[in-house]
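In this text the structure is predicted, and so the values were computed from the model without any measurement. Residue numbers start from 1 in every chain, and the chains themselves are labelled A, B, ... in the order their sequence lines are given, proteins ahead of strands.
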Amino acid sequence: MTTFLSLTLIALLLSILAGLVRIFRGPEPAERMLAAQLFGTAAVAILLVLSQLMAMPALLDVAMVFALLAAITLVAFVVLASRGVR
Amino acid sequence: MTDPLMIFDLLLALAIVALAVASLSVRDLFSMIVLFIIFGLLSALAWVRLSAPDVALAEAAIGTGVTGALLLKTLHHLRYVSGTLGQQTALGVTPVAPVPMGIILANAGFCGLITLGLLVAFLGAPATGPGFDALVAEAMPQSGVEHPVTGVLLNFRAYDTLMEVVVLLAAVIAVWQIERGLSDAPAPVMGEVWQGFARLALPAIVVVGTYLLWVGAEAPGGAFQGGAVLAAVGLLLLLTRAYIPQPAHRGVARGAFVLGTAAFALVAILVAGGGRVAFEYPLEHAKTLILLIEGVVTLSIAVTLAALFHGREPVALSEGGRHDT
Amino acid sequence: MVELAAAVLIATGTLFFIAGTVGLLRFPDIFCRLHALTKADGLGLALIALGAALLAGTPGAVFRIVLIWFFVATASATCGHLVARYARQSGAGGGAP
Amino acid sequence: MTPDLIYGLTGIAVFGIGLVGALCAQDRLRRVLALKLCSVGAGFLLVVGAWREPPATPDPVPHALVITGIVVMVSATAVALALIRRLQTLEATDER
């Protein structure tokens, strides 16, 4: 079971690293922020699996703060970027 | 059989170093900030792998969340002031007199030497030094809390934590001296979806912040992480201009800034009354005193971080002043 | 038996995340990417959370997992909406009217 | 290859990159960001020093130090960014 969970961890981390290409290539800033949003959710998923693997229920609070972090940075981007557009 | 978790650690380590290089070398400033946010995210995962959940909480909430929002705000201010708002990419502003390439390479060489020295020292160091964990574990029963990191932060090294709250106070005083004026930026149109979400999520985040503060006594959490989560609510209110700081609110804000330091110092001194040294909490009241200090410090940190994000003293300027974001 | 069910759930959740990343890389404009992204990570996280909840014994952990899933689901939906509106206003993404 | 060795080397690499960036970057924002990388690198080394083999719990004192370091670093970044915003305003008004 633990090796299976570790393999899913590696797959999730690889999905983050593969998504980094979008950050370099993404023409508009909105796409870069989207990628950051996906990585935030992937990190929450990694934490959920890790809390099982390392038997640390405290990681669920860390996952909660990660979810909050992704929301904060995205709202900051949308508000600040849209202010200049009109 | 290499343990697959080790492969995960190697991948994470490579990703962190690659992101550090990428965020410093990419030309577009906005990509730099997004890469930094992801660097902070992955380094918080690394803290978790090093079984340091408290540090991961602090890194995620403060190190990446508040810092990322601050960087985005400063980048926006750069483009607002230099009038290049419409332009998609804001490239780095090269200074009037760029430093000649020779000096830069020399600097890079010296930094390489320093890093090499660090590497040699790290590899040569004894694997696991004695450390303090035995001492802390032995003294934990007198600390009044079960979680060792909170015990260290709020009891054994309380003086250091008091100075940390003073640093936050000094920072907000400095920022209020540097920048003044009311911002006349139009309220962003957030739409009904956001209003619905905000009405649901913001109170929930406040509850999570208070929970983090309370759980700090026996599990990872505590004043700084809880304060940072509450500051996140302040950030959202400031960003969506649900709350616009008015000159009249400065008194309350100043009170909140000083509250954390004052309460911490007051408890430290009062406790020293009955023949005890400062910061030596009486055993039976230790937990209540620690939680009292943590509660007040959390509120003070939340207001201070939000004020640091807002970045200016909300006072009307006489000579026309600078009105922007 | 429960472990097998959790393993299957987590595996499919991971597949959805990989699909989300592939969608992020290969779709032509921002709205398709947005679509792929919010669906994939929303459902991917839901499955992984369900798998983790099955494995986690204590009700406290299960409640926190449900809370996390609910917050991420609403937050990513709202943020997807905000980014889509911003992209349309700024005329990006293939000049959709 | 235990986690503390892997992340110890990462910490040194990130600290080196941050140092090079802090000294060699031309742009103000990049230099502030490079300093933040230095502080994360230093934090890595502290937490790696605190790490113990899994059954044993890690040493809490370096964790407290790194948390304090993160809070102090965010205050320093906030003041630095306030100064940068002020500079930008002054430079823009000079040009007009």
Considering only heavy atoms, which portion of [X] lies under 4.5 Å from any heavy atom of chain B: side chain, backbone, both, or neither?
X	value
Leu5(D)	both
Leu45(D)	side chain
Val79(D)	both
Ile12(D)	both
Ala34(D)	both

Can you tell me which of [options] forms the most heavy-atom pairs within a distance under 4.5 Å of chain B?
options	result
Gly16(D), Ser75(D), Gly21(D)	Ser75(D)
Leu81(D), Leu87(D), Leu23(D)	Leu81(D)
Val74(D), Leu29(D), Thr57(D), Thr68(D)	Thr68(D)
Gly41(D), Ser39(D), Gly43(D), Gly11(D)	Gly43(D)
Val66(D), Thr77(D), Val14(D), Val40(D)	Val40(D)

Which residues pass the ring-ring contact (aromatic ring centres under 6.0 Å, His included) test with Phe156(B), sequence neighbours left out? none
Please give me the minimum heavy-atom distance between [X] and [Y], naming the atom from each residue.
X	Y	value
Arg28(D)	Ile84(D)	CB-CD1, 3.7 Å
Leu35(D)	Ala22(D)	CD2-CB, 4.0 Å
Ala13(B)	Thr10(D)	CB-OG1, 3.3 Å

Pro62(D), Pro60(D), Pro58(D) screened by side chain to side chain contact (heavy atoms under 4.5 Å, CB included) with Val149(B), the one that passes: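 Checked Pro62(D), Pro60(D), Pro58(D) against Val149(B); only one passes side chain to side chain contact (heavy atoms under 4.5 Å, CB included): Pro60(D).
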Which of these passes side chain to side chain contact (heavy atoms under 4.5 Å, CB included) with Leu19(B): Ile37(B), Leu41(B), Leu35(B)? Leu35(B)
Name the member of [options] that forms the most heavy-atom pairs with chain D at distances under 4.5 Å.
options	value
His147(B), Arg157(B), Glu59(B), Met163(B)	Glu59(B)
Ile33(B), Thr67(B), Val167(B)	Val167(B)
Asp54(B), Thr304(B), Leu24(B)	Leu24(B)
Val172(B), Ile104(B), Val66(B)	Ile104(B)
Val165(B), Leu57(B), Val26(B), Leu105(B)	Val26(B)

Does Ala82(D) offer a backbone N or O that forms a donor-acceptor pair with the side chain of Arg312(B) under 3.5 Å? no
For [X], is it the side chain, the backbone, both, or neither that has a heavy atom closer than 4.5 Å to a heavy atom of chain D?
X	result
Leu305(B)	side chain
Val136(B)	side chain
Ala46(B)	both

Spacing of Gln88(D) atom CD and Leu83(D) atom CG [to the nearest 0.5 Å]: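 Reported to 0.5 Å precision, the distance equals 11.0 Å.
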Electrostatic pair Glu179(B):Lys73(B) at N-O distance under 4.0 angstrom: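 Judged by the 4.0 Å cut-off on N to carboxylate O distance, Glu179(B) and Lys73(B) do not form a salt bridge.
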Less than 3.5 Å apart, which donor and acceptor atoms pair up between the side chains of residues 109-123 of chain B and the rest of the protein, not counting sequence neighbours?
from	atom 1	to	atom 2	distance (Å)
Thr115(B)	OG1	Cys111(B)	O	2.6

Relative to each other, are the rings of Phe44(D) and Tyr7(D) parallel, tilted or perpendicular (30° and 60° limits)? parallel
